[in-house]
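Just below is one structure, and these are the notes that go with it.
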Amino acid sequence: GGMHNMAGAAAVGAMAGAMFMGPLTAIAAAGGAAYATTRTDQVGDIARGTGAAAIQTVEKAKAIDKEHNISGKAMNVLSSGFNKAQELNEKYKLTEKVSQGVAAGVEQAKQIEDKYHVSSKVGAGLSTGLDAINKGLSTNAEGTKNPSK
(Lines give C-alpha, C1' and ligand atoms only; values in the text may rest on other atoms or scores of the structure.)
Protein backbone atom coordinates (compact mmCIF):
# COMPACT_ATOMS: atom_id res chain seq x y z
CA GLY A 1 0.00 0.00 0.00
CA GLY A 2 0.58 3.70 -0.16
CA MET A 3 1.98 4.38 3.32
CA HIS A 4 4.27 1.34 3.18
CA ASN A 5 5.61 2.40 -0.21
CA MET A 6 6.11 5.95 1.08
CA ALA A 7 7.99 4.65 4.13
CA GLY A 8 10.09 2.33 1.96
CA ALA A 9 10.94 5.13 -0.46
CA ALA A 10 11.81 7.42 2.45
CA ALA A 11 14.10 4.74 3.92
CA VAL A 12 15.89 4.26 0.60
CA GLY A 13 16.26 8.03 0.22
CA ALA A 14 17.61 8.33 3.75
CA MET A 15 20.17 5.56 3.22
CA ALA A 16 21.34 7.03 -0.07
CA GLY A 17 21.59 10.52 1.42
CA ALA A 18 23.49 9.26 4.46
CA MET A 19 25.94 7.25 2.35
CA PHE A 20 26.79 10.09 0.02
CA MET A 21 26.33 13.32 1.95
CA GLY A 22 25.68 12.73 5.66
CA PRO A 23 22.75 12.90 8.08
CA LEU A 24 21.25 16.24 7.02
CA THR A 25 21.12 15.14 3.40
CA ALA A 26 19.63 11.83 4.57
CA ILE A 27 16.73 13.68 6.17
CA ALA A 28 16.16 15.82 3.09
CA ALA A 29 16.41 12.81 0.75
CA ALA A 30 13.96 10.83 2.89
CA GLY A 31 11.45 13.69 2.77
CA GLY A 32 11.94 14.13 -0.96
CA ALA A 33 11.50 10.44 -1.65
CA ALA A 34 8.38 10.28 0.52
CA TYR A 35 6.92 13.31 -1.28
CA ALA A 36 7.78 11.80 -4.66
CA THR A 37 5.50 8.82 -3.90
CA THR A 38 2.53 11.23 -3.84
CA ARG A 39 3.14 12.43 -7.39
CA THR A 40 0.99 11.04 -10.21
CA ASP A 41 3.68 11.15 -12.90
CA GLN A 42 6.60 8.85 -13.79
CA VAL A 43 8.65 10.18 -10.86
CA GLY A 44 5.88 9.07 -8.50
CA ASP A 45 5.70 5.66 -10.17
CA ILE A 46 9.45 5.17 -9.75
CA ALA A 47 9.36 6.33 -6.12
CA ARG A 48 6.46 4.02 -5.29
CA GLY A 49 8.23 1.14 -7.04
CA THR A 50 11.40 1.84 -5.09
CA GLY A 51 9.42 1.93 -1.84
CA ALA A 52 7.66 -1.33 -2.67
CA ALA A 53 10.99 -2.96 -3.53
CA ALA A 54 12.48 -1.76 -0.24
CA ILE A 55 9.54 -3.21 1.70
CA GLN A 56 9.83 -6.52 -0.16
CA THR A 57 13.57 -6.64 0.56
CA VAL A 58 12.99 -6.07 4.28
CA GLU A 59 10.24 -8.69 4.37
CA LYS A 60 12.45 -11.22 2.54
CA ALA A 61 15.34 -10.49 4.93
CA LYS A 62 13.00 -11.06 7.90
CA ALA A 63 11.82 -14.37 6.41
CA ILE A 64 15.40 -15.55 5.79
CA ASP A 65 16.39 -14.52 9.30
CA LYS A 66 13.42 -16.36 10.77
CA GLU A 67 14.18 -19.49 8.73
CA HIS A 68 17.95 -19.56 9.36
CA ASN A 69 18.25 -17.58 12.64
CA ILE A 70 20.85 -15.26 11.08
CA SER A 71 20.49 -12.54 13.73
CA GLY A 72 20.73 -15.07 16.58
CA LYS A 73 23.83 -16.64 15.08
CA ALA A 74 25.38 -13.22 14.48
CA MET A 75 24.76 -12.31 18.13
CA ASN A 76 26.39 -15.58 19.22
CA VAL A 77 29.46 -14.80 17.08
CA LEU A 78 29.70 -11.29 18.52
CA SER A 79 29.26 -12.56 22.07
CA SER A 80 31.86 -15.31 21.57
CA GLY A 81 34.27 -12.82 20.04
CA PHE A 82 33.79 -10.42 22.94
CA ASN A 83 34.31 -13.23 25.48
CA LYS A 84 37.47 -14.37 23.67
CA ALA A 85 38.79 -10.80 23.64
CA GLN A 86 38.18 -10.56 27.39
CA GLU A 87 40.02 -13.87 27.96
CA LEU A 88 43.00 -12.70 25.91
CA ASN A 89 43.03 -9.37 27.73
CA GLU A 90 42.99 -11.08 31.13
CA LYS A 91 45.70 -13.53 30.09
CA TYR A 92 48.07 -11.08 28.38
CA LYS A 93 47.04 -7.78 30.09
CA LEU A 94 46.62 -6.11 26.68
CA THR A 95 44.73 -3.02 27.81
CA GLU A 96 47.22 -2.49 30.62
CA LYS A 97 50.13 -2.72 28.17
CA VAL A 98 48.45 -0.39 25.68
CA SER A 99 47.75 2.12 28.46
CA GLN A 100 51.37 1.98 29.59
CA GLY A 101 52.56 2.44 26.00
CA VAL A 102 50.28 5.44 25.48
CA ALA A 103 51.41 6.98 28.78
CA ALA A 104 55.07 6.51 27.79
CA GLY A 105 54.38 8.07 24.38
CA VAL A 106 52.66 11.06 25.95
CA GLU A 107 55.56 11.53 28.36
CA GLN A 108 58.07 11.33 25.50
CA ALA A 109 56.11 13.88 23.48
CA LYS A 110 56.01 16.19 26.52
CA GLN A 111 59.78 15.92 26.93
CA ILE A 112 60.34 16.72 23.24
CA GLU A 113 57.97 19.69 23.49
CA ASP A 114 59.71 20.97 26.63
CA LYS A 115 63.14 20.67 25.01
CA TYR A 116 62.44 21.88 21.46
CA HIS A 117 59.22 23.96 21.80
CA VAL A 118 57.77 22.25 18.72
CA SER A 119 54.20 23.55 19.10
CA SER A 120 55.38 27.16 19.35
CA LYS A 121 57.49 26.77 16.23
CA VAL A 122 54.69 25.07 14.32
CA GLY A 123 52.25 27.77 15.46
CA ALA A 124 54.59 30.56 14.38
CA GLY A 125 55.14 28.92 11.00
CA LEU A 126 51.43 28.42 10.50
CA SER A 127 50.76 32.03 11.44
CA THR A 128 53.38 33.28 8.96
CA GLY A 129 51.94 31.07 6.22
CA LEU A 130 48.39 32.25 6.85
CA ASP A 131 49.54 35.88 6.85
CA ALA A 132 51.18 35.32 3.45
CA ILE A 133 48.02 33.68 2.07
CA ASN A 134 45.87 36.52 3.41
CA LYS A 135 48.20 39.09 1.86
CA GLY A 136 48.02 37.27 -1.48
CA LEU A 137 44.24 37.09 -1.32
CA SER A 138 43.90 40.77 -0.49
CA THR A 139 45.55 41.73 -3.78
CA ASN A 140 43.23 42.04 -6.80
CA ALA A 141 43.84 40.69 -10.31
CA GLU A 142 45.78 43.83 -11.34
CA GLY A 143 48.25 43.28 -8.50
CA THR A 144 47.08 46.21 -6.39
CA LYS A 145 45.82 45.96 -2.85
CA ASN A 146 42.02 45.73 -2.47
CA PRO A 147 40.66 48.84 -0.73
CA SER A 148 38.51 46.76 1.67
CA LYS A 149 41.53 44.87 3.06
Side-chain angles (χ1 to χ4, degrees), residues 4-39 41-58 60-62 64-65 69-149:
H4 283 91
N5 289 352
M6 183 183 286
V12 170
M15 287 187 302
M19 283 188 336
F20 296 113
M21 300 295 282
L24 293 177
T25 303
I27 293 167
Y35 165 74
T37 64
T38 66
R39 293 178 51 162
D41 58 4
Q42 187 178 11
V43 171
D45 293 341
I46 292 169
R48 285 186 294 280
T50 300
I55 297 299
Q56 288 176 347
T57 300
V58 168
K60 184 65 175 174
K62 285 181 184 177
I64 291 170
D65 180 48
N69 191 27
I70 304 289
S71 60
K73 291 176 183 177
M75 287 302 296
N76 287 339
V77 167
L78 290 172
S79 178
S80 296
F82 180 76
N83 290 337
K84 189 64 172 178
Q86 279 186 311
E87 287 175 28
L88 291 171
N89 184 47
E90 289 170 12
K91 183 175 181 177
Y92 297 109
K93 308 289 186 217
L94 299 173
T95 54
E96 183 179 318
K97 291 177 182 175
V98 168
S99 294
Q100 290 170 351
V102 168
V106 167
E107 181 58 32
Q108 184 68 34
K110 185 180 179 307
Q111 290 174 7
I112 290 170
E113 173 61 26
D114 289 345
K115 185 174 181 178
Y116 297 107
H117 309 288
V118 174
S119 61
S120 295
K121 291 175 183 173
V122 169
L126 182 58
S127 177
T128 301
L130 291 172
D131 284 344
I133 291 170
N134 191 36
K135 183 179 178 183
L137 292 174
S138 67
T139 304
N140 63 26
E142 289 79 35
T144 60
K145 190 167 181 64
N146 286 329
S148 63
K149 302 282 179 180

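Index from 1, following the sequence.
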Contact between Ile64 and Lys60 at the side-chain level, heavy atoms closer than 4.5 Å - yes or no? yes

Within this structure, what is the OG-CG distance for the pair Ser127 and Asn134, rounded to the nearest 0.5 Å? 10.5 Å

Which pairs pass salt bridge (charged side-chain N to carboxylate O under 4.0 Å, His left out) with one or both residues in residues 99-110, sequence neighbours excluded? Lys110-Asp114

Look only at the side chain of Thr128 and the backbone of Ala124, and say whether a donor-acceptor pair between them is shorter than 3.5 Å. yes

With rounding to the nearest 0.5 Å, note down the distance linking CD1 in Ile46 to CZ in Arg48. 10.0 Å

State whether Asp65 and Lys62 are salt-bridged, where the test is any N-O pair (Lys NZ or Arg NE/NH1/NH2 against Asp/Glu carboxylate O) under 4.0 Å. no

Side-chain contact, heavy-atom cut-off 4.5 Å: Ile27 with Pro23? no

So CD of Glu90 and OG1 of Thr95: to nearest 0.5 Å the spacing works out to 9.5 Å

Is there a donor-acceptor contact under 3.5 Å from the side chain of Ser80 to the main chain of Val77? no

Closest approach of Gly8 and Ala54, non-hydrogen atoms and distance? O-CB, 3.7 Å

By the salt bridge (charged side-chain N to carboxylate O under 4.0 Å, His left out) test, which pairs, at least two apart or in different chains, include something from residues 10-39? Arg39-Asp41

Taking all non-hydrogen atoms of both residues into account, name the closest pair between Ala33 and Ala9 and its distance. CB-O, 3.2 Å

Hey, what do you get for CG (Asn83) to CG (Leu78), rounding to the nearest 0.5 Å? 11.0 Å

Could you measure the distance from the CD atom of Gln86 to the CG atom of Leu88? Nearest 0.5 Å is fine. 10.5 Å

